[in-house]
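Presented below is the structure to which this report refers.
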Amino acid sequence: MSNYDPVSALSALPAAVHAHLSAYLNSTAPALAALTSLEPFAAALAHLHETHLHASVPVTWFALLHAARVAVVWTSLTRGRGDVGLLQDLVGYLTTAWGGATAAALLLHQPPVWLVSPLPLILYTTVFAAFFRTGLARRLVSLSPAVLALAGAATDALTRGSSVSAVPALLAHASLPANAWTVAVLGAIGTNAGGWAVQLLGLHRPSWAFGRPNVLDGGALATLDVTSASAAALLYAALTGGLGSAGVRAGEKVDARTARAAAVALLAVALVGRAALLVGRARVGTAAEPKERAARTETASNVEKVVKTPASKGITQPRERRTTPRRSKTPA
């Protein structure tokens with residue numbers, strides 16, 4: 001009989017992944033020098049994260065960008081929904097914005113940022129009022145679908161790159177081990193749980209009702225938000241030494257700014273690539289619609305002609321025979 005124990009095999013899986021990742025990173029360590037080409041992009045990202053709107057306003061440009069991006073996403077989700085209460089709309093918007101970070105913090109027994117300070121609530125509520133009560137969000141959503149999809153995907157890469165780069169810092173103050181599995185799961189939850197909560201609870205509908213998150217549809221495109229976030233979180237943690245022995249060697253660590261830029265670049269390739277693919281499919285479908293419509297019209301017209309004039313196809317209808325009544329002979 002075999003002594004194979006499936007429970008033991010599954011429990012050993014994280015350690016095996018950890019060992020393989022360590023061997024791979026150590027074997028490709030010389031290639032890390034190529035990341036220096038990301039330095040200008042890393043500096044721009046750092047400026048976005050560290051520069052305040054004004055010396056008297058403790059809000060960074062990155063926070064404003066994220067709040068504005070969520071406003072556009074929420075407008076797209078609720079298009080055609082009809083009028084609802086202001087508070088209902090605000091709860092859905094804030095859930096979309098903070099759901100991921102809140103879920104990750106609660107899993108690690110840490111308070112979410114919006115509970116520590118009222119500043120996030122003030123910022124996001126102000127952006128919500130500015131975008132929705134002035135109609136600015138609707139005007140942005142009415143732009144070209146292709147431009148909106150590509151720009152939105154690039155912005156998502158920026159914001160999600162910041163989220164996954166915070167995972168090692170969260171784990172540093174938690175009791176969980178900083179292994180590849182933990183980092184991958186937290187990276188996916190921190191960037192996607194807000195959208196999952198909105199879809200699960202139906203917060204974008206006039207009447208809230210349980211629904212099914214789109215990620216459960218399966219497929220490479222539907223699950224790309226999860227897989228790309230996990231991959232970016234693993235990349236950042238590995239480059240900065242956040243995976244322990246599975247990361248790069250101490251002398252070959254990449255600084256946090258460059259590692260964040262690498263994570264954002266990975267997310268941009270995945271998300272912008274998917275957006276470009278979907279835009280291309282939509283254009284092909286739009287170009288094919290007139291031809292299909294013309295073909296359907298021509299077919300219907302031909303059918304109508306055949307029904308109305310069967311003789312037009314060379315079919316001659318039998319001529320109706322007229323019978324003349326015979327005269328009866330009468331005696332003279």
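All residue numbers in this chain count up from 1 along the given sequence.
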Shared hydrophobic cluster, [X] / [Y] (ILVMFWY, side-chain heavy atoms < 4.5 Å):
| X | Y | answer |
| --- | --- | --- |
| Val226 | Leu278 | no |
| Phe128 | Val57 | yes |
| Val73 | Leu224 | no |
| Leu65 | Leu148 | yes |
| Tyr236 | Leu38 | no |

Side-chain heavy atoms of [X] within contact of [Y], under 4.5 Å:
| X | Y | answer |
| --- | --- | --- |
| Leu271 | Arg160 | yes |
| Ile189 | Asn192 | no |
| Leu171 | Leu176 | yes |
| Leu94 | Leu121 | yes |
| Leu158 | Leu45 | yes |
| Tyr124 | Leu90 | no |
| Thr258 | Glu39 | yes |
| Thr60 | Leu48 | no |

Can any side-chain N or O of [X] pair as donor or acceptor with the backbone N or O of [Y] at less than 3.5 Å?
| X | Y | result |
| --- | --- | --- |
| Thr182 | Ala178 | no |
| Gln110 | Leu170 | yes |
| Tyr93 | Ala67 | yes |
| Asp89 | Gly85 | no |
| Arg281 | Ala276 | no |

Distance-minimising heavy-atom pair for [X] and [Y]:
| X | Y | answer |
| --- | --- | --- |
| Arg257 | Ala43 | NH1-CA, 4.2 Å |
| Ala259 | Val254 | N-CG1, 3.8 Å |
| Arg260 | Ser165 | CD-OG, 3.8 Å |
| Ser117 | Pro120 | O-CD, 3.2 Å |
| Ala229 | Gly187 | CB-O, 3.6 Å |
| Ser142 | Arg139 | OG-O, 2.6 Å |

Working to the nearest 0.5 angstrom, can you tell me the gap between [X] [atom1] and [Y] [atom2]?
| X | Y | atom1 | atom2 | result |
| --- | --- | --- | --- | --- |
| Leu77 | Leu203 | CG | CG | 10.0 Å |
| Arg69 | Thr96 | CZ | OG1 | 11.5 Å |
| Leu115 | Trp98 | CG | CH2 | 10.5 Å |

Is the number of heavy atoms from other residues, nucleotides or ligands within 6.0 Å of [atom1] ([X]) greater than 12?
| X | atom1 | value |
| --- | --- | --- |
| Asp217 | CG | yes |
| Trp208 | CH2 | yes |
| His47 | NE2 | no |
| Arg138 | CZ | no |

Could you give me the CA-CA distance, side-chain angles and deciding distance for Asp255 and Leu239, then say whether side chain to side chain contact (heavy atoms under 4.5 Å, CB included) is met? CA-CA 8 Å; Asp255 65 276; Leu239 292 176; over 6 Å; no

Pair Leu123-Leu119, side chain to side chain contact (heavy atoms under 4.5 Å, CB included): steps then yes or no: CA-CA 6 Å; Leu123 169 64; Leu119 187 60; 5.5 Å; no

salt_bridge(Arg274, Asp156) N-O dist < 4.0 Å: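 Here Arg274 does not pair with Asp156 in a salt bridge, since their nearest N and O are not under 4.0 Å apart.
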
Carefully, step by step, assess Leu64 and Leu53 under the rule side chain to side chain contact (heavy atoms under 4.5 Å, CB included). CA-CA 9 Å; Leu64 180 62; Leu53 302 180; 3.9 Å; yes

Classify the angle between the aromatic ring planes of His66 and Phe62 as parallel (below 30°), tilted (30 to 60°) or perpendicular (above 60°).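 If you compare the ring of His66 with that of Phe62, the planes turn out parallel.
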
Under 6.0 Å between ring centres, would you say that holds for Trp74 and Phe131?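 Not close enough - the centres of the two rings lie 6.0 Å or further apart.
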
Identify which one of Thr240, Leu267, Val164, Leu266 satisfies the side-chain contact (heavy atoms from CB on, under 4.5 Å) criterion when paired with Leu235.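 For Leu235, the side-chain contact (heavy atoms from CB on, under 4.5 Å) check succeeds only for Leu266.
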
Given the rule in the side chain to side chain contact (heavy atoms under 4.5 Å, CB included) test, do Thr78 and His204 qualify, once you have shown the distances and angles that lead to the verdict? CA-CA 6 Å; Thr78 56; His204 57 298; 4.1 Å; yes

